[in-house]
Amino acid sequence: MLTIKQIRDNSDLVIARLAVKGTQAQDIIKEIIALDDSRKSTQAELDGNLAEQNVLAKEIGALLKQGKKDEAEVAKQKTAACKELSKQLEGKLTDIEAELNAKLVQLPNLPHTSVPQGRSAEDNQLVREGGSKPQLSVKQPHWDLAKQYDIIDFELGVKLTGAGFPVYKGQGAKLQRALISFFIDENTAAGYTEVQPPLMVNEASGFGTGQLPDKEGQMYHVGIDNFYLIPTAEVPVTNIFRDVILNESELPVRLTAYTPCFRREAGSYGKDVRGLNRLHQFDKVEIVQIAHPDVSYDALEGMVAHVESLVKKLELPYRILRLCGGDMSFTSALTYDFEVYSAAQERWLEVSSVSNFESFQANRLKLRYRGEDKKPQLAHTLNGSSLALPRIVAALLENNQTAEGIRVPKALQAYTGFEMIK
RNA sequence: GGUGAGGUGGGUGAGUGGCUGAAACCAGCAGUUUGCUAAACUGCCGUACGGGUAACUGUACCGGGGGUUCGAAUCCCCCCCUCACCGCCA
């Protein structure tokens, strides 16, 4: 969430920036500032009142010590009115703060100045394209290939669990492990430290990264213990730093984690969710950075370049998009999407989303660093997929299909131990 | 699942009603001494929200919430969490 200070100090700028995301914030910001004003004045009144009580209490203590019982009794009488007033003010303050907070959490993050205006995916900006689309003589979609080579069994997953929980078999299973290892090795070589976090998180963690309280419907919930299955490694990994004050010298923090991801994701249908295109459980390797605010955009560019190098090594045709205001997530300030071309479906599939959240998540997490002036400041958080497996697999299968089998890209062969899926 | 113990500042850990926002030690920061390193010594060393140009200052916070009291880290109630041992188990 945005900080009150951001809003107060630059309210016109905040309104202008939020308009890029399609949020008309003029009224709510006026309300927020008004609420904050009354919060301040109420607190001042309450503080003064409590100070008076504290003084009286000390006096009473001193009087009792001196044995002046009667005088103490008189002083006690005086505290009654004070206490009553404090109680009222406390209630008022709580109400104001709740109202203020309810308004604050409604505001999305400010988009970066480079974010193009726009409403939907149509308005996203093409940053660059790479690789070349293959010329296929036969064009089987990956769900047919999966069946033909018996590497992914969607029906079996339905039997075991339900739709969206595929079973990978044989070379298909090996390909999964190969991709995971390949991505983690590449990420650690680029300076990211590997972590293996829990796959379930508690409520506090869900709140820290913004899944709760609004988006709980998108997560699987283990009711008996009140845990949530993680929708992405971003949740546990970023929450490592919840309520943490880092030393400036520790920045940037770079972490990578492989985890399965679980998403309930009701809604879509048809070819969008066919095969590997959208699953309830899928594998993903994530990269996370905690960066100094001055250099977080350099860090973002670095992450984009790194993810690009992975897609290149996999020899996949790709493009990088800068998301427009309307297509960005609530929490992001700037997001680059990576899409790979899936040659049989003849469509672009999103495989990575790399974002700078600036201090928006850090403010929720209370993730700070201590700079030279010793004062804790909110850090910037960034994350990106590096990479999500299913759609990479879909594109690999479709783009590399030949009459002899499916060719495995060179970079992966050391990990798969085979050059062809047959 | 059973039984017991406990949650205090970055860490260890004192503190059973006012002198405690909190001892002491460790870590950290700054400095002095020293030929260097090490050691020793001195000082500083929580967070949030207010007020003040600033020095400084008010309030809150000892797992969370409520209560008793003029006054609560300390007493009472509820909740959460952690640890140990036993049982079960990868």
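So that the names make sense, note that chain A is the first sequence line, chain B the second, and so on, each numbered from 1.
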**Request:** Using the test salt bridge (charged side-chain N to carboxylate O under 4.0 Å, His left out), find all partners of Arg39(A) that sit at least two apart in sequence or belong to another chain.
**Result:** Asp36(A)
**Closest-nucleotide ordering on RNA chain B, the 5'-leading residue of Gly48(A) and Ala75(A)** = Gly48(A)
**Item:** Nearest-angstrom distance, P atom, G66(B) to A60(B)
**Value:** 15 Å
**Request:** Return the nucleotide paired to A54(B): Watson-Crick means purine N1 to pyrimidine N3 with N6-O4 or O6-N4, wobble means G-U with N1-O2 and O6-N3, both under 3.5 Å.
**Result:** none
**Message:** Please give the distance between the C1' atoms of G63(B) and G9(B) as a whole number of Å.
**Reply:** 14 Å
**Message:** Going by side-chain hydrogen bond (donor to acceptor under 3.5 Å, both in side chains), name the pairs with one or both residues in residues 20-30 of chain A, residues two or more places apart or in two chains.
**Reply:** none
**Any residue of residues 83-94 of chain A with a heavy atom less than 4.0 Å from an atom of RNA chain B** = Lys83(A)
**Asked** Can you tell me how far P of A72(B) sits from CG of Leu50(A), to the nearest Å?
**Response** 11 Å
**Request:** State whether a side-chain donor-acceptor pair under 3.5 Å links Glu97(A) with Thr94(A).
**Result:** no
**Rounded distance in Å between the C1' positions of U12(B) and G28(B)** = 15 Å
**Complete:** Applying ring pair (Phe, Tyr, Trp, His ring centres under 6.0 Å) to Tyr297(A) and not counting sequence neighbours gives His112(A)
**Prompt:** Under the ring-ring contact (aromatic ring centres under 6.0 Å, His included) rule, what pairs show up with a residue in residues 224-256 of chain A, not counting sequence neighbours?
**Reply:** His221(A)-Tyr228(A)
**Request:** Kindly state each residue pair satisfying side-chain hydrogen bond (donor to acceptor under 3.5 Å, both in side chains) with at least one member in residues 159-168 of chain A, sequence neighbours excluded.
**Result:** none
**Item:** For G71(B), the Watson-Crick or wobble counterpart (both distances under 3.5 Å)
**Value:** none
**Asked** What is the pairing partner of A48(B), taking Watson-Crick or G-U wobble pairs with both distances under 3.5 Å in any strand?
**Response** U59(B)
**Item:** Gln196(A), CD: over 12 other non-hydrogen atoms inside 6.0 angstrom
**Value:** no
**Residues in side-chain hydrogen bond (donor to acceptor under 3.5 Å, both in side chains) contact with Asp37(A), at least two apart in sequence or another chain** = Arg8(A)
**Asked** How close or far is atom C1' of G9(B) from atom CG of Asp243(A), stated in whole angstroms?
**Response** 14 Å
**Opposite nucleotide pairing with U12(B), Watson-Crick or G-U, both atom distances under 3.5 Å** = A24(B)
**Asked** Who pairs with Lys5(A) by salt bridge (charged side-chain N to carboxylate O under 4.0 Å, His left out), at least two apart in sequence or on another chain?
**Response** Asp9(A)
**Glu45(A) CD to G58(B) C1', straight-line distance once rounded to whole Å** = 14 Å
**Request:** Considering just the side-chain nitrogens and oxygens of Asn54(A), establish if one lies under 4.0 Å of OP1 or OP2 belonging to U59(B).
**Result:** yes
**Complete:** Residues pairing under side-chain hydrogen bond (donor to acceptor under 3.5 Å, both in side chains) where one sits in residues 409-422 of chain A, two or more places apart or in two chains, turn out to be Asp185(A)-Tyr415(A)
**Prompt:** In the strands shown, is A84(B) matched to any nucleotide by a Watson-Crick or G-U wobble pair with both distances under 3.5 Å, and which?
**Reply:** U3(B)
**Prompt:** Quantified in whole Å, what is the C1' atom distance between nucleotide G21(B) and nucleotide U59(B)?
**Reply:** 12 Å
**Asked** Rounded to whole angstrom units, what separation is found between the CG atom of Asn247(A) and the P atom of A27(B)?
**Response** 17 Å
**Item:** Atom pair distance, as rounded to whole Å: CG in Asn202(A) and C1' in C81(B)
**Value:** 10 Å
**Gap between atoms CG and P, on Leu246(A) and G28(B) respectively (whole Å)** = 17 Å
**Request:** Send over the distance from Gln77(A) CD to G71(B) P, rounded to a whole Å.
**Result:** 13 Å
**Counterpart residues, ring pair (Phe, Tyr, Trp, His ring centres under 6.0 Å), relative to Phe165(A) (two or more places apart)** = His280(A)
**Message:** Is the distance between the ring centroids of His292(A) and Tyr369(A) under 6.0 Å?
**Reply:** yes
**Item:** Spacing of the C1' atoms in G7(B) and C61(B) (rounded, Å)
**Value:** 16 Å
**Item:** For U42(B), the Watson-Crick or wobble counterpart (both distances under 3.5 Å)
**Value:** A30(B)
**Request:** For G65(B) versus A73(B), give the span between their P atoms, rounded off to a whole number of Å.
**Result:** 13 Å
**Message:** Base contacts versus sugar-phosphate-only contacts with protein, heavy atoms under 4.0 Å: please encode nucleotides 44-52 of chain B as B, S and - from 5' to 3'.
**Reply:** ---SSBS--
Tabulated below should be each protein N or O lying under 3.5 Å from an N or O of nucleotides 16-23 of chain B; please produce it.
| from | atom 1 | to | atom 2 | distance (Å) |
| --- | --- | --- | --- | --- |
| G18(B) | N2 | Ala57(A) | O | 2.7 |

**Item:** Distance, C1' atom - from C76(B) to U16(B), rounded to whole angstrom
**Value:** 14 Å
**Asked** Which whole number of Å gives the distance between the P atom of U82(B) and that of C88(B)?
**Response** 23 Å
**Message:** Please name the nucleotide paired to C36(B) by Watson-Crick or G-U wobble geometry with both distances under 3.5 Å, or report none.
**Reply:** none
**Asked** Should we count CG of Asp70(A) as having more than 12 external heavy atoms under 6.0 Å?
**Response** no
